[in-house]
Visitor: 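Dumping the structure here so I can ask a few things about it.
Side-chain atoms are counted along with the backbone in the values below, which use heavy atoms only and exclude waters and symmetry mates. Chain identifiers are assigned alphabetically (A, B, ...) following the order of the sequence lines, protein sequences preceding nucleic acid strands; residue numbering begins at 1 within each chain.
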Amino acid sequence: MTSKQFSQAQRQRLRRSLLEWYGQQGRSLPWREEPTPYRIWISEVMLQQTQVKTVLPYFERWMQQFPDVQCLAQADLQTVLKAWEGLGYYARARNLHRSAQEICDRHHGKFPQTYDEVLALPGIGRSTAGAILSAAFGQAEPLLDGNVKRVLARLVALPVPPSKALAHLWDLSSQVLDPQNPRDFNQAIMDLGATCCTPKNPACLLCPWRDDCQAYQTHTQSDFPMTESRSPLPHKQIGVAVIWNDHQQILIDRRPEEGLLGGLWEFPGGKLEAGESYPDCIRREIQEELAIEVEVGEHLITVSHAYSHFKVSLHVYHCRHLSGEPQALESQEIRWVTLEELDEFPFPKANSKIIAALREAQGTKSP
DNA sequence: CACTCGTGGTC
DNA sequence: TGACCAAGAGT
């Protein structure tokens, strides 16, 4: 299985035309204007599976709150998660925090500059390592993100989905990379994918690579990259309890550190079993998770939410604490809080919809 | 290597 | 409007 080889002349043409395009069409971004290793690192991790537009406000707030690696290393994890709240893939925030501590402990607070050291940091894989080393230090390391995969798949009319040709795509990314200007080249090829060679309706007439693009030359750009096969997402039904005590406080719990939504807070509850009503489900789950008895009251809201690999509907009910001292049997920590105090804790998006509904109910009760 | 891990934009 | 998908990494 031999990979496609670009001729030296073609590589030079691709590099020259892309860099010229970048000079005219490249985006002005805060981490490009002031490309310190710390800012490049934070931006690259925030940009994993996340669009620039979404990242921008988080990036600015982050730099205000954690202006350098020492500051991040010394922050407490709950504060870091609160700053990340809403961005998703929360392991990224936990890994940034761990990496910051490693950089301070093992690298004297200075971001490492060798490929192996950067790759060894938690949350940095092959592509992010290439992005950081080229952008922060001008090193000629290739990268392979979603944009580059799409651009290259069209350039060579890749006859299989990208996931089936990762080695080939890495080789192509290395071949086209400009060893004279890897910093701008890598930024340029990502910009090309993000703003020109887009998933839908690519602007081929404005593309610097149209003369070399095998997909465009055969008018099949919309057929590439070939789609990945996917199985349908399962849909889970969850009973959720907003448990009130006699002091107008609500019981919340902090999820286990690893796994889905690790370290975030939530309202307790669990999966509906066959033949069970939601009140039955909630009483059972609350007994299993917290070892207390509750009375299930009126239905508050049902929230539907789609995650990467499944969908959920959260059926939320007001509950009243009857007996027993709550225990953190399946969580890290539990706490009684007022409606106002909920803002201090990082919650997943699906839970913030519940909080909004609670606030709305509160507002209508006492005008 | 296939699966887990979030959310918002887009059509 | 539901399905697809984005500056991927860890296991």
Visitor: Are A:His309 and B:dC5 close enough that a side-chain N or O sits under 4.0 Å from OP1 or OP2?
Guide: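 Yes, A:His309 has a side-chain N/O under 4.0 Å of OP1/OP2 on B:dC5.
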
Visitor: Residues in side-chain contact (heavy atoms from CB on, under 4.5 Å) with A:Leu56, at least two apart?
Guide: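 A:Leu56: side-chain contact (heavy atoms from CB on, under 4.5 Å) contacts with A:Pro30, A:Trp31, A:Val52.
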
Visitor: Using a cut-off of 4.0 Å on non-hydrogen atoms, how would the nucleic acid contact of A:Trp31 be classed: base, sugar-phosphate, or nothing?
Guide: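 Base, at least one base atom sits under 4.0 Å.
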
Visitor: Once you apply a heavy-atom cut-off of 4.0 Å, does A:Val55 come out as touching a base, just sugar-phosphate, or nothing?
Guide: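 Nothing: the residue A:Val55, judged by heavy atoms under 4.0 Å, touches no strand.
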
Visitor: Which residues pass the salt bridge (Lys or Arg N to Asp or Glu O under 4.0 Å) test with A:Lys149, not counting sequence neighbours?
Guide: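 Here no residue qualifies.
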
Visitor: Anything under 4.0 Å to a heavy atom of chain A counts; send over the first and last such nucleotide of DNA chain C, read 5' to 3'.
Guide: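 For DNA chain C, the relevant span reads C:dA3 to C:dG10.
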
Visitor: List in chain and number order the residues that pass ring pair (Phe, Tyr, Trp, His ring centres under 6.0 Å) with A:Tyr317, two or more places apart in sequence or in another chain; answer none if no residue qualifies.
Guide: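 In terms of ring pair (Phe, Tyr, Trp, His ring centres under 6.0 Å), with neighbours along the sequence ignored, A:Tyr317 is linked to A:His299.
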
Visitor: Distance between the P atoms of C:dA9 and B:dG8, in whole angstroms?
Guide: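 It works out to 22 Å between them.
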
Visitor: Would you kindly compare A:Lys149 and A:Thr227 by the position of their nearest DNA chain C nucleotide and give the one closer to the 5′ end?
Guide: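 The answer here is A:Thr227.
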
Visitor: Could you work out, with side-chain contact (heavy atoms from CB on, under 4.5 Å) as the rule, every residue matching A:Gln64, not counting sequence neighbours?
Guide: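 Residues passing side-chain contact (heavy atoms from CB on, under 4.5 Å) with A:Gln64: none at all.
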
Visitor: Going by the rule side-chain contact (heavy atoms from CB on, under 4.5 Å), which residues pair with A:Ala75 if we only count those two or more places apart in sequence or in a different chain?
Guide: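 Testing A:Ala75 for side-chain contact (heavy atoms from CB on, under 4.5 Å), a comparison that skips the adjacent residues, returns A:Phe66, A:Val80.
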
Visitor: Checking A:Arg255 now: which residues fulfil salt bridge (Lys or Arg N to Asp or Glu O under 4.0 Å) with it, not counting sequence neighbours?
Guide: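 Only A:Glu266 meet the salt bridge (Lys or Arg N to Asp or Glu O under 4.0 Å) criterion with A:Arg255.
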
Visitor: Name the nucleic acid region contacted by A:Arg255, choosing base, sugar-phosphate or nothing; use a 4.0 angstrom heavy-atom cut-off, strictly under.
Guide: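 It contacts nothing in the nucleic acid.
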
Visitor: What residues, two or more places apart in sequence or in another chain, satisfy salt bridge (Lys or Arg N to Asp or Glu O under 4.0 Å) together with A:Glu285?
Guide: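 A:Glu285: no salt bridge (Lys or Arg N to Asp or Glu O under 4.0 Å) contacts found.
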
Visitor: Quick check on DNA chain C: between A:Leu29 and A:Leu121, whose nearest nucleotide comes earlier from the 5' end?
Guide: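 Looking at the nearest nucleotide for each, A:Leu29 comes out on the 5' side.
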
Visitor: Is there a residue in residues 132-148 of chain A whose heavy atoms reach under 4.0 Å of DNA chain C, and which residues are they?
Guide: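 Output list: A:Asp145, A:Gly146, A:Asn147.
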
Visitor: Does A:Asp105 have any salt bridge (Lys or Arg N to Asp or Glu O under 4.0 Å) partners at least two apart in sequence or in another chain, and if so, which?
Guide: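 By the salt bridge (Lys or Arg N to Asp or Glu O under 4.0 Å) rule, A:Asp105 matches no residue at all.
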
Visitor: Do other residues, nucleotides or ligands put more than 12 heavy atoms under 6.0 Å from the CZ atom of A:Arg61?
Guide: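 Count over threshold, so yes.
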
Visitor: From NZ of A:Lys236 over to C1' of B:dC5, roughly how many Å is that when rounded to an integer?
Guide: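 Roughly 12 Å, once rounded to whole Å.
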
Visitor: Indicate whether the side chain of A:Arg11 and that of A:Gln175 have a donor and an acceptor atom separated by less than 3.5 Å.
Guide: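 Yes, because at least one side-chain N or O of A:Arg11 sits under 3.5 Å from a partner of the opposite role on A:Gln175.
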
Visitor: Distance check, P atoms only: B:dC5 and C:dA7, in whole angstrom units.
Guide: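 Pairwise P distance, B:dC5 against C:dA7, rounds to 23 Å.
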
Visitor: In residues 108-117 of chain A, what donor-acceptor pairs under 3.5 Å come from side-chain atoms, sequence neighbours left out?
Guide:
{"residue": "A:Thr114", "atom": "OG1", "partner": "A:Glu117", "partner atom": "N", "Å": "3.3"}
{"residue": "A:Thr114", "atom": "OG1", "partner": "A:Glu117", "partner atom": "OE1", "Å": "3.0"}

Visitor: What string of B, S and - do you get for nucleotides 6-11 of chain B, 5' to 3', when a contact is any protein heavy atom under 4.0 Å?
Guide: BBS---

